[in-house]
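Below: the structure, in structure tokens.
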Amino acid sequence: MGVRKNYRNLTDVERDRFLQALLNLKSTGIIDEFAQMHAQHFFMGIHRSSHFLPWHREMLLRFEQELQIFHPDITIPYWDSTVDNNQNDPLFWNNNFLGQFNSLWRLRRALGSGLLSTAQAVDTNQNRSTYGTFWPELENPIHNRPHNWVGGVMADLASPGDPVFYLHHCWIDMLWAKWQLAHPGVAFESSGANLGLNDPLMEWPDRTPANVLNHHALGYTYDFEAPRIEGVAAFQANTGFLGVNINGTPSSWIDTDLGMMAGTSPSISRQE
Amino acid sequence: MEPEQQDYKAHHIELRARDIGKLRTFEVAQEPEFELLIDDKPIRYGQLPDGSYALYEYAYDWTDNLIDLAKKFIDYRDSADNTRREIKAGEEN
Ligand SMILES: [Cu+2]
């Protein structure tokens, strides 16, 4: 099971692998395809709707699978913009990480335009008790602000053309996963017609929110929930987690805490 | 919506009704009924499921009023241009 982690905790090897995979996906046209697809569906229920979180979870998963064709160990790292909120942060914006793409891919970034949300605002959002009060605030302002703060391509309809998109949305997806684990059994609520639990997601008519509610069933976890060898017993007791392999990756899960039906991972079939 | 014109910070914002006959002829009926222009340049926009508007170029700020959104876009564009200039100046020094 892949562990998605904060970009700060990537090893040099993992970071370089991720960067090479991005360059590869740009050269094969996949990045532009994802950007185009996002722009095409922008107004069609993938934003400002109950499908916002599930649609982007599916999209990220498919993008991650494309990265994994380059190297099977890659997972998408996340950018927590409540912590890394400085445009001068070398870790993130330097040319040896995401800075290089600005001129390379003509992204016209204007780092620092507008506001970012605070950790306190994220905490308040995490305490919402229903899906219908949780997602609208997570989407706007928490998700919207970093798009504008980065600026350029990241602020337009085709924002997946900037690699920062994937790190930002990985963080949003993590916040959803965290909220789900803290609110077991809370039901999905539809925000309107064709936006329910079993309604198809735009672009992938055979996929629905029900397929993606359980991120463990999609084959990944986040570092905040990853077990440490020395703490296995406590972790098992708290989460229903059964065991770890020698390298510390989960061997199997009982998903009682997610309290929702298991999802299945999509298989990528690309139209050539 | 009604056709409307406003000046804002040395920019001219206009909501102009489209020629519906022309729309039918060219089969572009999906285009919105009103055209938004800033300084006579068309600004593309769309509507989210709840009816609020977003601009193609400035897609993550949503309001119910297109003229207000145009003003926010003007402010945003100015501040982003400033930021880019500062970054460039910093790089040159
Ligand atoms: Cu986004």
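Note that this is a predicted model, so its numbers are computed, not measured. In what follows, every chain begins at residue 1, and chains take the letters A, B, ... in the order their sequences are listed.
Contact of A:R109 with chain B is made through the backbone alone, with heavy-atom distances under 4.5 Å. Using a 4.5 Å cut-off between heavy atoms, B:I87 touches chain A through its side chain atoms alone.
Checked against salt bridge (Lys or Arg N to Asp or Glu O under 4.0 Å), B:K88 has no partners two or more places apart in sequence or in another chain. Taking B:N65 as the reference, B:I67, B:D68 meet the side chain to side chain contact (heavy atoms under 4.5 Å, CB included) condition, with sequence neighbours excluded.
Of residues 43-57 of chain A, those residues with a non-hydrogen atom less than 4.5 Å from any non-hydrogen atom of chain B are, in numerical order, A:F43, A:G45, A:H47, A:R48, A:S49. Proximity to chain B among residues 121-143 of chain A is limited to A:E139, A:N140, A:H143, judged by heavy-atom separations below 4.5 angstrom.
When ring centroids are compared, B:Y45 and B:Y56 stay outside the 6.0 Å threshold. For A:F165 and A:H38, the ring centers sit closer than 6.0 Å to each other. For A:F42 and B:Y60, the ring centers are positioned less than 6.0 Å apart.
By the neighbour-count criterion of 12 heavy atoms within 6.0 Å, atom CZ of B:R44 is sparsely surrounded, having that number or fewer from other residues, nucleotides or ligands.
The structure places CG of A:N144 at 12.5 Å from CG of A:L115, a figure rounded to the nearest 0.5 Å.
By number of non-hydrogen pairs under 4.5 angstrom with chain B, the leading residue of A:A155, A:A158, A:A193 is A:A155. Highest contact tally toward chain B, considering only A:L195, A:L157, A:L111, is held by A:L157 [criterion: heavy-atom pairs under 4.5 Å].
B:E57 has no carboxylate O lying under 4.0 Å from a charged side-chain N of B:R77, or vice versa, which leaves the two without a salt bridge. The existence of a salt bridge linking B:R84 and B:D81 is confirmed by a sub-4.0 Å separation between a basic side-chain nitrogen and an acidic carboxylate oxygen.
Each of A:L61, A:D173, A:L60, A:L218 was evaluated against A:V212; a single residue qualifies, A:L218, per the side-chain contact (heavy atoms from CB on, under 4.5 Å) test. The one candidate from A:N102, A:V150, A:I31 that meets the side-chain contact (heavy atoms from CB on, under 4.5 Å) condition with A:D162 is A:V150.
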